[in-house]
Structure formats: C-alpha cells, structure tokens
Amino acid sequence: MGAGAVPVGDVGAAARAAADLPQAADLNLSDPLGAATQARPYLRPGEPPQWAAYGRVLNYDVRGLTALGQPDKSLLRKLGSGAAGFAGDFVLEAIAGGDDSGSDKPPPPQVIAFGDRAGVLAHEFLRGLPARAAIQRLWVLTRARLLVLDAPVPPPEPAPEAEKSLLGKAIGFGRGVAKFGKDVAEILTDRTKTYGENREGEPIGLREFVPVAELPGARIARVDRAKRGRKPVLRVSLVDGSGLDFLEERTGADLEVRTAEKVDEIIEREYHGHWLRSGEVLRLGCPPYHAHVGLRLGGVRHAPYVPAREVPAVTDGTPRWPLPTDAVSDEHWADDPALGYWAIADDPGQVAVRLADHFAGSGGHARLTWTHQRLAIVYPTSRLAGGTGGPFTTAEEFDPRVVTRLDAVPGGPSFPPSPSIRFGFADGSAVFLREALAAMKVARALSRA
C-alpha cells in the first residue's frame, strides 16, 4: 500500500475552473492561545483544568439586580429568575441588548450569573468584579475550584516633564523632532505582518493574568450542557441552585462554522465537476488550512515542521504567519492558533509524514482528499509554480485502504472547543486537521464508505 507520486500537471479535469476557496484558514491567526493553555501557569501542581474559557463581559440574571449586578427593583428584573428552564431569550436579549450590535447597545455577555435573589452563591462569588474586564477575563474550572483571572491594566503613561527654560525647550524640541522622525521611519520600514496582537515570525505567547475570584469546588453541584431559551450554554450549577452560564455561540466561532459550510459546499461541487474520476465516490474533501504543521516524529517535536523532501513549489512564497509556541502540549495542539495540523509518526516514510510534507510546504494550499479509490493530496493548479492544465493537480496518491481510522476529535478543555479530524493509518501514524464541521463530515464520510 505504498505511496505513488503523481507528476505535477496531472489534473482531474480538462475544463478550467476557479479552485480557490474563501480564506477560512486565516480566521484563527489573530486569536490568543487556548484558554486551558493560558490558564495552566496559574494552577497548582497536579491541578489540570477540566475546562477553561475566555469571557470578558459578565451579566447578571438575578432577581433584584441589574444586568451589571447593581440593585434594581424594576419589573423587568422581577421577570427573570434565572432558574434552569425559566431564563429564556427574552431575558437574554434584555440583558445583552438583543441582536442589535449598534454603538448604543451594551456588549453581549459571554458569561451570565443567574439566581432567584441577590446574595446567592453566584452573586457573592462575583461581587466586586466589574461586569466588563478592562482587557480580558479567564474562567478556569478544576476539581478543586472555579478560578477567575483578569488581565492587568497597563501602568499609566509617565507624567510630562517639568517646565523647562527657553533653551531647554528648544533643545528638547530638536530631540523630539529627531525621535519623531526616527519613529516614523521605523514604522514605515517595519513590514511585519500582524494578526491582532500576534506577529509573523514570532511565537504566540502566554499573556499575563492575575487571580480576582475563587470558588471552592465543594460549592459546585454539577457542570453540563444546557439551554438558555434557545441558545446553548455550558452551565455551572452551584449547590444553592444559582449558577453561571457560558454562552457557546461566539461571533468568531459562528463565522468559522458558516465559512466552513460554504467551503464544504464548494469542495463537494468542484470535485464532482472537475476532479473525481467516473464512478469515483468522494468520502471526504478536507479544505486547506493556512497555518503551520506540528509533528512528533520518533519522540522529537517539530513545530513548525519543515519538509525534509521536495514538494511541489507554490507561487505564494514563504507564508507570513505567527509561529507555534512551546507552551502548548502535543495533546492540546489545537490550543495554538498557529497550528492547523498535527501529525504523529515513528519514521519519515510513514503516511502521516508524507502528508505533513505537503501541508507544511504548500503555504496552506494542499488539500487532503479521500475517496473509495484513493487517498490524495490535491493542489489548485493556479497556486503551483508553472502549473498548467485543469483546475486541480494531484501531487501524491495512496491506496485508500491506508486509512484504518477516521474520528472527529471534539477538542480539549478549552471552551468553545477547537474540533479536528483524525486520520489513522495502517502503518501506525496519524494526522489531525482542524475542522469546524468535524463531527458532521466524519459521519458523512463513513456513511459513504
């Protein structure tokens, strides 16, 4: 069942078509490290996180309190007890400002504390915390406690210098002009690509946080999935019936899912029209991911992985992405936004490494495709240096039976999770690919087998 390399230029269609996809892969490069990885430095030895989430905005659904946690006797607050099964979309929209994202609306919450009266555990636990963290807030659950951490506010700018003499002012002005000119020159010559706070060529780093609240684990009754009205939440229920709801729907996650759905439709349509052979059944067409590859090869970690063999050259040159960080473990590789793939192998000739060569060397253009006839690496021909012919070029093929396992991996303790698809191979190697639609696509692929 060895690999059979297919010469560049062998294409799956004679007709020309647009084979490029929406840039779904760039969505995560501006993200911070996953919440669980970010939380680990603040936990005790032997205290792994069960889950962790970012949630800067906190609202209250507690009778007698405003959405910001202040005393309020209005009729609106009396309508929402926050008890499971009672707090619905009406209350959620009232405290979150509905779906209107206008500037006069309050920011939507990521966390909602609920209870039937002021003074319940959820209220007392968070009393004194601002409803909106100045920069970012991190929530971490372990077996021992629920911990809340806030990113510290940077120190204020230094005070202006004391009044100077006329000569001192003139000298200072001249120095100021020179410094300004130097700063402008540095800004104009710095062409480093940035993604939010992340920068190309630099590892995505851990950020500083400080503990601001802690609830002993003995006061937590259970943690489970629930619904606030029609919206899914992760619910932390406390022993007195109050609790915290963590909203699963986040703008970035929703956008990633919607984009992934569109990309999936395009792949299915274009492969059927321009790449599949007559009678060939498409099981799974994976989109490319614009991020680095991590590889554990014979016990040695490579992140980012650099191919040891030649793969087809692409027209884009070297990708300008942030680098992976050593702070993320192999098991929780999806916590690193700079990684789009993870592979495990004992030998460079194994299937997972050969696939990783293409993922790492293609600048985010190689696509893994599995049919009932082959496992293939496919490139858009327009992205290959000197590529000619139809819209797709098949760069390497394997017997489809090399795939012995296909799983949807839901993700680690970071919330919302970052799902992936795992391909297990007959030689014992494996490769993981980020995929927002992992569960659906794996189920569909297995139904087509």
Side-chain angles (χ1 to χ4, degrees), residues 35 39 42-43 49-74 76-97 106-134 136-150 209-229 231-250 413 415-416:
Y42 301 95
L43 301 179
Q50 292 184 295
W51 63 258
Y54 293 106
R56 182 183 179 189
V57 181
L58 165 68
N59 277 178
Y60 289 82
D61 180 20
V62 176
R63 182 176 287 142
L65 298 179
T66 67
L68 301 182
Q70 302 301 316
D72 180 30
K73 302 299 183 181
S74 71
L76 177 60
R77 297 316 311 160
K78 291 179 181 179
L79 288 174
S81 70
F86 183 88
D89 289 338
F90 173 76
V91 174
L92 179 61
E93 290 178 10
I95 63 180
Q110 291 88 44
V111 185
I112 299 175
F114 63 83
D116 60 3
R117 67 189 185 282
V120 293
L121 276 175
H123 178 213
E124 290 299 321
F125 166 47
L126 301 170
R127 189 191 293 271
L129 289 187
R132 183 177 185 181
Q136 185 55 282
R137 179 167 289 158
L138 184 61
W139 306 74
V140 191
L141 177 70
T142 72
R143 293 188 180 278
R145 54 182 171 155
L146 176 60
L147 181 64
V148 186
L149 306 104
D150 278 3
F209 282 84
V210 293
V212 292
E214 181 176 325
L215 183 72
R219 297 187 177 184
I220 299 173
R222 64 184 181 279
V223 180
D224 52 13
R225 303 272 178 175
K227 284 195 173 181
R228 171 167 285 270
K231 296 183 180 294
V233 297
L234 181 67
R235 175 163 291 165
V236 179
S237 299
L238 307 183
V239 293
D240 67 347
S242 65
L244 301 168
D245 281 346
F246 293 81
L247 275 68
E248 293 195 32
E249 296 182 2
R250 312 287 179 87
F415 179 84

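Keep in mind that the numbers below use all heavy atoms, side chains included, and drop hydrogens, waters and symmetry copies. One is the number of the first residue; the rest follow in order along the sequence.
In terms of the side chain to side chain contact (heavy atoms under 4.5 Å, CB included) criterion, residue partners of Ala131 (sequence neighbours excluded) are, by chain and number, Leu68. With sequence neighbours excluded, the residues satisfying side chain to side chain contact (heavy atoms under 4.5 Å, CB included) with Pro130 are Arg137. Among residues two or more places apart in sequence or in another chain, the side-chain hydrogen bond (donor to acceptor under 3.5 Å, both in side chains) test is passed with Arg145 by Glu47, Glu214. For Arg225, the side-chain hydrogen bond (donor to acceptor under 3.5 Å, both in side chains) partners are Glu248, not counting sequence neighbours. Legend: residues meeting side chain to side chain contact (heavy atoms under 4.5 Å, CB included) with Asp240, ordered by chain and number and at least two apart, are Val120, Leu121, Leu238, Ser242. With sequence neighbours excluded, the residues that form a side chain to side chain contact (heavy atoms under 4.5 Å, CB included) with Ala213 are Phe125, Leu129, Val148. Every residue meeting the side-chain hydrogen bond (donor to acceptor under 3.5 Å, both in side chains) condition with Glu124, not counting sequence neighbours, appears here in chain and number order: Arg127.
Going from atom CG of Leu141 over to atom CZ of Phe246 covers 8.5 Å, rounded to the nearest 0.5 Å. Of the inter-residue distances, the one linking Arg235 atom CZ with Lys227 atom NZ reads 12.0 Å to the nearest 0.5 angstrom. Taking NE2 of His123 as the start and CG of Leu65 as the end, the distance is 4.5 Å to the nearest 0.5 Å.
Heavy atoms of other residues, nucleotides or ligands lying less than 6.0 angstrom from CZ of Arg219 number 12 at most.
Scanning all heavy atoms of the two residues, the minimum distance from Pro49 to Thr142 falls at CA-CG2, 4.1 Å. Among all heavy-atom pairs drawn from Asn59 and Pro109, the shortest one is OD1-CG, 3.5 Å.
A heavy-atom distance below 4.5 Å is not found between the side chains of Leu149 and Val212. Put simply, the side chain of Tyr60 reaches to within 4.5 Å of the side chain of Leu126, judged on heavy atoms. For the pair Leu138/Asp150, no side-chain contact is recorded, criterion being any heavy-atom separation below 4.5 Å from C-beta on. At a threshold of 4.5 Å between non-hydrogen side-chain atoms, the residues Val223 and Trp51 count as touching. In this structure, the side chains of Leu147 and Pro211 come closer than 4.5 Å at one or more pairs of heavy atoms.
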Dump the intermediate steps for side-chain contact (heavy atoms from CB on, under 4.5 Å) on Ile112 and Leu244, then the final yes or no.
CA-CA 6 Å; Ile112 299 175; Leu244 301 168; over 6 Å; no
Go through the steps to decide whether Val111 and Leu247 satisfy the test side-chain contact (heavy atoms from CB on, under 4.5 Å), and finish with yes or no.
CA-CA 6 Å; Val111 185; Leu247 275 68; over 6 Å; no
Val236 vs Trp139, side-chain contact (heavy atoms from CB on, under 4.5 Å): CA-CA, chis, key distance, verdict
CA-CA 11 Å; Val236 179; Trp139 306 74; over 6 Å; no
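Looking at Arg132, its side chain never comes within 3.5 Å of a backbone N or O of Leu58 through a donor-acceptor pair.
Taking 4.0 Å as the cut-off between side-chain N and carboxylate O, Asp245 and Arg228 count as a salt-bridged pair.
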